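Remarks on the structure that follows.
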Amino acid sequence: MYLHKEVETLNSDGLKKLQAVRLRETIAHAIRSPFYKSRRLSPDMIKTVDDIRKIPLTTKQDLRDNFPYGFLTVPKEEVVRLHSSSGTTGNPTVVFHNRHDLDSWAQLVARSLFSTGVRPSDVFQNICGYGLFTGGLGFQYGAEHLGCLTIPAGAGNSLRQIKLMRDYGTTVVHAIPSYLGRLRDVFAEEKLDPRTDTSLRIFVIGAEPHTEEQRRRIEEMYGVKAFNSYGLTEMNGPGVAFECAGQTGMHLWEDAYLAEIINPDTLEPVPDGELGELVLTTLDRQAMPLIRYRTRDLTRFIPGACPCGRTHRRIDRITGRSDDMFIIKGCNVFPMQIEGILLRIPEVGSDYRITLEELDDNDEMLVEVEVKPDWFTGDITRLDRLTREITRQIRDEVLVKPIVKLVETGSIPKSEGKAVRVFDKRPSSKGI
Ligand code: ADP
Ligand code: ZN
């Protein structure tokens with residue numbers, strides 16, 4: 001049932017004590033780095049975990065300002081690997097690991113996979129970039145640690161992915177969700193059905209925001225159970241929080257991370273169960289510990305115990321990053337609100353794109369939506385009706401009337417890695 005039973009089921013008092021001990025150790029390591037040294041921290045500041053609030057927050061800007069070595073606590077001889085973030089929102093940030101850190105990370109990923117039902121007998125195909133992106137090596141070593149036959153498939157080349165799945169009887173796949181719609185289209189072009197022509201049973205999807213509707217679609221398309229996986233380079237990568245078999249939120253591994261959820265404006269903790277910005281502290285990292293790191297990801301703690309017996313608190317699906325939000329006609333909009341609507345509509349295909357532009361002195365939101373091939377036929381009234389329906393639903397949700405344009409499956413250009421959903425072409429924007 002559990003890979004690390006003792007720690008996964010430790011009661012909340014026990015967890016808090018463990019966190020306090022590890023937080024003191026973390027501070028002791030951290031103050032060897034130039035950055036934390038300058039902050040004058042000391043392990044003695046911590047009697048209980050709540051004392052963490054005495055310490056100032058660390059931001060992405062701090063990482064950039066102290067690039068590359070300002071957060072390093074050990075001599076470079078001891079460092080064995082670096083990863084850097086994909087730079088979705090600006091310059092990359094870099095994180096260094098020693099052997100201890102890599103081992104601890106592999107164990108967290110192994111534990112996470114196990115909690116979804118992955119076992120050593122599984123064949124794990126890792127469909128994502130193997131470079132600086134943490135999803136590649138992060139899942140590779142985690143799945144190996146668990147004992148799976150692990151296929152380092154890398155990203156793209158869908159025909160080869162399908163061949164690997166069929167040749168080696170892949171049962172588990174890790175991929176970013178926006179890729180899986182495309183892969184399904186290639187299955188169809190090959191006249192194959194993943195539900196009957198493969199042995200797939202578990203998907204692990206993460207690295208980018210996606211909705212419950214997207215998950216259900218993936219499960220339906222492939223005949224699998226799909227589990228949400230959350231992580232970020234600054235906190236190693238995958239293995240920070242993961243859904244268990246119950247699929248009711250992601251257990252955040254509290255022996256390895258101390259989690260707070262704060263109001264991003266006041267920086268005060270939000271009441272339990274309310275939405276706010278996730279702030280994380282590493283509790284088991286030596287080469288580059290981070291204390292009270294502002295993830296900019298918005299989520300909430302899910303109240304109550306999980307039936308699986310794991311005691312580590314669960315966080316909800318990430319609504320988006322605080323910097324994903326855009327403002328149009330005075331309304332705050334998250335791309336995931338629009339995705340949620342689109343993917344509930346059966347005629348809608350797997351991709352969409354939002355463009356903000358200025359037309360005749362007005363800001364407009366253009367939403368291009370791919371429609372499934374059997375719908376995208378000559379019947380104009382049918383397409384008109386669908387356009388009106390999508391327009392109405394989006395307006396009701398975000399309070400701005402969009403210009404909806406239905407397009408053919410496959411016609412929206414794909415980005416290389418993580419999906420880019422919003423293009424802001426307004427003169428006032430910095431031109432994303
Ligand atoms: P970058 O910041 O350049 O995208 P990372 O690869 O480190 O680099 O991405 C981490 C970010 O990806 C997280 O902070 C979060 O915004 C997003 N992310 C990761 N996993 C998920 C998930 N399961 N759901 C939603 N967003 C996710
Ligand atoms: Zn659970």
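Because the structure is a prediction, the values reported are computed rather than measured. First listed ligand is number 1; within each ligand, the first listed atom is number 1.
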Step through the shown structure and confirm whether more than 12 heavy atoms of other residues, nucleotides or ligands are within 6.0 Å of NZ on K54. yes

F203 six-ring face occupied by K225 cation (under 6.0 Å, within 45°): no

Per-atom filter on ligand 1: closer than 4.0 angstrom to a heavy atom of N228 are 22 (C), 23 (N)

Check the orientation of F187 and Y222. Use parallel for under 30°, tilted for 30 to 60°, and perpendicular for over 60°. perpendicular

Side chain or backbone, does S229 bring an N or O within less than 3.5 Å of an N or O on ligand 1? yes

Would you indicate which of S85, A207, G231 comes nearest to atom 21 (C) of ligand 1 when only heavy atoms are counted? A207

Around atom NZ of K401, are there more than 12 heavy atoms from other residues, nucleotides or ligands closer than 6.0 Å? no

How many degrees, to 10°, between H251 NE2 and C306 SG as seen from the Zn ion (ligand 2)? 110°

Greater than 12 external heavy atoms within 6.0 Å of E389's CD: yes

Nitrogen or oxygen of H210 less than 3.5 angstrom from that of ligand 1: no

N/O of T233 under 3.5 Å from N/O of ligand 1, yes or no? yes

Within the 3.5 Å criterion, strictly below it, is a donor on Y230 or D297 matched to an acceptor on the partner's side chain? yes

Nearest candidate to atom 9 (O) of ligand 1, where distance is taken over non-hydrogen atoms, out of M235, K418, E243: K418

Numbering as shown, the atoms of ligand 1 that approach G206 to under 4.0 Å (heavy-atom distance): 23 (N)

